[in-house]
K.L.:
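Take this structure first; my questions come after.
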Amino acid sequence: MANYCDSTYRITGDASELDALFALMQKLEKEKENGNWVGHIVDALNGSRPEYLYVRGWWDELEREEDCIKFRLESAWEPLHEAWDFICTKFKTLKAYFIGEEPGCEVFLKRDNPEKGWFPDNYYVDACTPDEEYIHEYFTNIDEAFRFIERISATNIITAENVAALNLTWGEENENAYIYLHEFKEV
């Protein structure tokens with residue numbers, strides 16, 4: 001059984017190419033069984049699926065915004081950025097931006113677009129305090145994340161090692177307690 005990766009995507013480029021890809025995605029959703037499977041797009045644009053290309057994922061919440069196509073993607077283990085890069089190569093101007101996370105295998109990947117302000121978060125704090133309060137917060141820089149962890153723990157945090165030590169301390173206080181600081185890797 002796969003660990004599922006949750007991603008948010010934005011595809012940008014010339015309006016006519018965005019319209020063409022959006023129309024194809026809508027058509028596949030209506031005409032195909034499991035029509036929102038990424039492999040259907042690859043098949044439609046390429047005639048067949050290259051063996052090396054991993055496409056195990058399904059999009060949802062498809063929207064055509066003024067300057068992009070926006071959707072969520074649920075995929076096995078990873079955000080499928082290579083598949084979406086392949087899809088975009090079938091057009092002259094399309095480019096995929098995303099943020100995706102699969103905490104079970106500690107996969108935290110992204111491709112941001114600073115000009116548009118898409119996906120600026122670089123760190124993710126996932127915690128269950130000793131009082132069993134669940135906390136999930138995103139941060140653009142590590143200092144913001146450290147200050148947040150200091151506030152919720154009343155502990156001085158200046159390094160990732162301090163967070164790891166806090167995780168051990170919390171685990172001794174309550175076996176359900178934890179705190180993790182994850183960094184999104186740019187791809």
Side-chain angles (χ1 to χ4, degrees), residues 1-126 136-141 180-187:
M1 184 168 155
N3 289 345
Y4 285 99
C5 180
D6 183 37
S7 304
T8 301
Y9 267 83
R10 289 199 171 130
I11 311 287
T12 189
D14 287 345
S16 62
E17 291 184 352
L18 289 171
D19 291 341
L21 178 58
F22 185 74
L24 174 61
M25 293 172 77
Q26 286 185 311
K27 177 183 173 192
L28 292 170
E29 285 179 336
K30 292 176 187 164
E31 293 180 0
K32 294 270 191 183
E33 183 176 340
N34 293 316
N36 61 338
W37 179 55
V38 174
H40 289 314
I41 299 173
V42 173
D43 291 344
L45 293 173
N46 197 57
S48 65
R49 203 167 327 117
E51 287 185 31
Y52 68 88
L53 197 60
Y54 188 71
V55 295
R56 188 173 171 191
W58 294 262
W59 72 84
D60 198 8
E61 300 176 27
L62 180 66
E63 295 178 40
R64 176 67 168 91
E65 295 184 345
E66 183 178 323
D67 59 349
C68 70
I69 297 170
K70 179 181 173 185
F71 56 91
R72 298 190 56 81
L73 183 73
E74 184 177 273
S75 54
W77 298 293
E78 61 185 38
L80 301 187
H81 59 91
E82 292 170 345
W84 285 100
D85 288 347
F86 180 85
I87 290 165
C88 287
T89 65
K90 299 301 176 178
F91 300 87
K92 291 181 180 177
T93 66
L94 296 190
K95 178 140 177 145
Y97 298 93
F98 71 94
I99 191 165
E101 57 190 72
E102 193 289 281
C105 292
E106 296 190 24
V107 174
F108 295 87
L109 300 174
K110 72 177 212 160
R111 183 179 302 141
D112 68 359
N113 184 325
E115 291 176 15
K116 303 258 186 200
W118 296 339
F119 315 121
D121 295 321
N122 293 306
Y123 297 92
Y124 170 58
V125 172
D126 180 20
H136 309 279
E137 293 289 333
Y138 295 86
F139 302 92
T140 57
N141 69 61
Y180 301 111
L181 175 62
H182 303 285
E183 182 176 4
F184 285 93
K185 179 183 170 192
E186 184 81 24
V187 293

K.L.:
How long is the span from the CG atom in Leu53 to the CG atom in Leu80, to the nearest 0.5 Å?
P.N.:
8.5 Å
K.L.:
Once rounded to the nearest 0.5 Å, what's the spacing between atom CZ of Arg72 and atom OG of Ser7?
P.N.:
8.5 Å
K.L.:
Is the number of heavy atoms from other residues, nucleotides or ligands under 6.0 Å of Glu186 CD greater than 12?
P.N.:
yes
K.L.:
Can you list every side chain to side chain donor-acceptor pair (under 3.5 Å) pair that touches residues 40-55, not counting sequence neighbours?
P.N.:
Asp43-Arg49, Asn46-Lys90
K.L.:
Using a 3.5 Å distance criterion without hydrogens, assess whether the side chain of Glu65 forms a donor-acceptor pair with backbone atoms of Asp67.
P.N.:
no
K.L.:
For Lys70, does its backbone N or O pair with a side-chain atom of Arg10 as donor and acceptor, under 3.5 Å?
P.N.:
no
K.L.:
Work out which heavy atom in Pro50 is nearest to a heavy atom in Val42; give both atom names and the distance.
P.N.:
CD-CG1, 4.0 Å
K.L.:
Heavy-atom count around Glu82 CD within 6.0 Å, excluding the residue itself: above 12?
P.N.:
no
K.L.:
To the nearest 0.5 angstrom, please state how far the CD1 atom of Ile99 sits from the OH atom of Tyr138.
P.N.:
7.0 Å
K.L.:
Using the six-membered ring wherever Trp is involved, compare the ring planes of His182 and Phe108 and label them parallel, tilted or perpendicular (cut-offs 30° and 60°).
P.N.:
parallel
K.L.:
Nearest 0.5 Å, please: how far is CZ in Phe98 from OG1 in Thr8?
P.N.:
11.0 Å
K.L.:
Looking at His136, is its backbone amide N or carbonyl O close enough to the side chain of Asp126 to form a donor-acceptor pair, meaning the two atoms are under 3.5 Å apart?
P.N.:
no
K.L.:
Just so I know, are the side chains of Asp14 and Lys92 near enough to count as touching, which here means a heavy-atom distance under 4.5 Å?
P.N.:
no
K.L.:
Given side chain to side chain contact (heavy atoms under 4.5 Å, CB included), test Cys68 with Trp118 step by step and report yes or no.
P.N.:
CA-CA 11 Å; Cys68 70; Trp118 296 339; 3.7 Å; yes
K.L.:
Ring centres under 6.0 Å, that's the criterion: do Tyr9 and Trp84 meet it?
P.N.:
yes
K.L.:
So which heavy atom on Cys88 is nearest to which on Ile11, and how close?
P.N.:
SG-CG2, 4.0 Å
K.L.:
Report all side-chain donor-acceptor pairs from residues 30-38 shorter than 3.5 Å, counting only partners two or more places apart or in another chain.
P.N.:
residue: Asn36; atom: ND2; partner: Trp59; partner atom: O; Å: 2.5
residue: Trp37; atom: NE1; partner: Val55; partner atom: O; Å: 3.2

K.L.:
If you look at every heavy atom in Leu73 and Gly57, which pair is closest and at what distance?
P.N.:
CD1-C, 4.2 Å
K.L.:
Provide the closest heavy-atom pair for Arg111 versus Phe119 in the form atom of the first, atom of the second, distance.
P.N.:
O-CD1, 3.8 Å
K.L.:
Ignoring hydrogens, what is the shortest heavy-atom contact between Pro79 and Val107? Give both atom names and the distance.
P.N.:
CD-CG1, 4.3 Å
K.L.:
Specify the closest pair of heavy atoms between Cys105 and Asn3, including all atoms of both residues, with the distance to one decimal.
P.N.:
SG-ND2, 3.3 Å
K.L.:
Under the side chain to side chain contact (heavy atoms under 4.5 Å, CB included) rule, what do Phe184 and Asp112 come out as? Steps first, then yes or no, please.
P.N.:
CA-CA 10 Å; Phe184 285 93; Asp112 68 359; over 6 Å; no
K.L.:
Under the 3.5 angstrom rule, does the side chain of Glu17 hit a backbone N or O of Phe91 as a donor-acceptor pair?
P.N.:
no
K.L.:
To the nearest 0.5 Å, what is the distance between CG (Leu18) and CZ (Arg64)?
P.N.:
4.5 Å
K.L.:
Just how far is it from atom OH of Tyr123 to atom OG1 of Thr140, taken to the nearest 0.5 Å?
P.N.:
9.5 Å
K.L.:
Let's go through Asp60 and Glu74 carefully: what are the C-alpha distance in whole Å and the side-chain angles of both, what is the deciding distance for side chain to side chain contact (heavy atoms under 4.5 Å, CB included) to 0.1 Å, and is it a yes or a no?
P.N.:
CA-CA 8 Å; Asp60 198 8; Glu74 184 177 273; over 6 Å; no
K.L.:
Would you check, one step at a time, whether the test side chain to side chain contact (heavy atoms under 4.5 Å, CB included) holds for Phe71 with Glu61?
P.N.:
CA-CA 5 Å; Phe71 56 91; Glu61 300 176 27; 5.7 Å; no
